[in-house]
Amino acid sequence: MKLPTSYYQQDDVVALSRDLLGKYIFTSIDDIVTGGYIVETEAYNGIVDKASHAYGNRKTNRTSVMFQQGGIIYVYLCYGIHEMLNIVTSSEGQPHAILIRAVHPTDGIPVMLDRRRMAALKPNLTRGPGSVAKALGISRAINTLSLQSDVIWLEDRWLYFGDESIASAPRIGVDYADEDASLPYRFYVKGDPYVSKPNK
DNA sequence: GAGATGATTAGCT
DNA sequence: GCTAATCATCTCC
């Protein structure tokens, strides 16, 4: 079952990031379904978060997606090569977003291998945000698409991780954000091989 | 209209 | 571990 729009409209983006661990994400592109469950996320906490593109209520063509109401996706390009998948949350005017950093693949693995030009399944198939987007076939062409669409959506399959299986840590690659860089807004499943770097 | 920059990754040492 | 690759977007002139 798809998660309803109301799920994405909760105000507490940090709690939601934690809750997304274990939820399944799927894309159906060219009639091929690929996906798996989420094992690593990062929260971007609106206008007060220096690491967010929308910090200080900065609204531009690119970031205006985040100001829309929760339940859509925000895809953008970083370092000129990597496309990243974010889920927009909360209500209109609150630019909260959650970066999907890692997914544990379960469906359409051969297709994902092909997209990544890999011969065999290895943990780096969907480890790291750029890899996740590439493996799932996500590009800026589907930016702002609704999570109620038939192209990308999330499902709850009643997979839960207890507190003892989940760890939090500072976010990655946000050194420029001063004191906000050390906030524990990154959540991941302990010991999952698809989680990027420190996976204990 | 031009110049700086980054929510990264792969590949080499 | 470290560094290069690489370009859309933002900011300022």
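The chains referred to below are lettered A, B, ... by the order of the sequence lines, with proteins before strands, and numbering in each begins at 1.
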To the nearest angstrom, how far is A/Arg171 atom CZ from B/dG6 atom P?
15 Å
Determine the contact category for A/Arg62: base if any of its heavy atoms lies under 4.0 Å from a base atom, sugar-phosphate if only primed atoms, P, OP1 or OP2 are that close, otherwise nothing.
sugar-phosphate
Would you mind reading off the distance between A/Lys134 atom NZ and B/dT8 atom P, rounded to a whole angstrom?
15 Å
Between OH of A/Tyr188 and P of B/dA7 the distance, given in whole Å, is 21 Å
Could you write out DNA chain C as dot-bracket? Rules: Watson-Crick or G-U wobble, both distances under 3.5 Å, brackets [ ] for crossings, | for pairs with another strand, dot for unpaired.
|||||.||||||.
Span of DNA chain C, from the first to the last nucleotide whose atoms fall under 4.0 Å of chain A heavy atoms:
C/dA5 to C/dT11
Using OP1 and OP2 only, check whether a side-chain N or O of A/Arg186 sits under 4.0 Å from B/dA7.
no
Quiz item: cation-pi between A/Arg62 and A/Tyr76, 6.0 Å / 45°:
yes
Does the side chain of A/His96 reach to within under 4.5 Å of the side chain of A/Tyr8, using non-hydrogen atoms?
no
For DNA chain C, which residues in residues 75-89 of chain A have a heavy atom at a distance below 4.0 Å?
A/Leu77, A/Tyr79, A/Gly80, A/Ile81
May I ask you to say what A/Ser52 touches in the nucleic acid, namely base, sugar-phosphate or nothing, with a heavy-atom cut-off under 4.0 Å?
nothing
Over how many whole Å does the gap from A/Asp180 atom CG to B/dA7 atom P extend?
13 Å
Would you mind telling me which of A/Leu3, A/Ile72, A/Ile25, A/Ile73 makes a side chain to side chain contact (heavy atoms under 4.5 Å, CB included) with A/Leu147?
A/Ile73
Apply salt bridge (charged side-chain N to carboxylate O under 4.0 Å, His left out) to A/Asp192 and A/Arg127, showing your working.
CA-CA 10 Å; A/Asp192 193 287; A/Arg127 183 165 52 196; over 6 Å; no
Rounded to whole angstroms, how far apart are CE on A/Met118 and P on B/dT9?
14 Å
Determine whether A/Asp12 and A/Gln10 make a side-chain contact, defined as any pair of heavy atoms from C-beta on separated by less than 4.5 Å.
no
Check: A/Tyr7/A/Asp19 side-chain N/O donor and acceptor closer than 3.5 Å
yes
Under 3.5 Å, is there a donor-acceptor pair between the side chain of A/Arg58 and the main chain of A/Thr63?
no
If you count the non-hydrogen atoms of other residues, nucleotides and ligands that lie under 6.0 Å from CG in A/Asn61, is the total more than 12?
no
Between the side chains of A/Lys50 and A/Glu179, is the shortest nitrogen-to-carboxylate-oxygen separation below 4.0 Å, so that they form an ion pair?
yes
Report yes if the side chains of A/Met112 and A/Leu136 come closer than 4.5 Å at any heavy-atom pair, otherwise no.
yes
Starting at atom NZ of A/Lys122, determine the distance to atom P of B/dT9, rounded to an integer number of angstrom.
16 Å
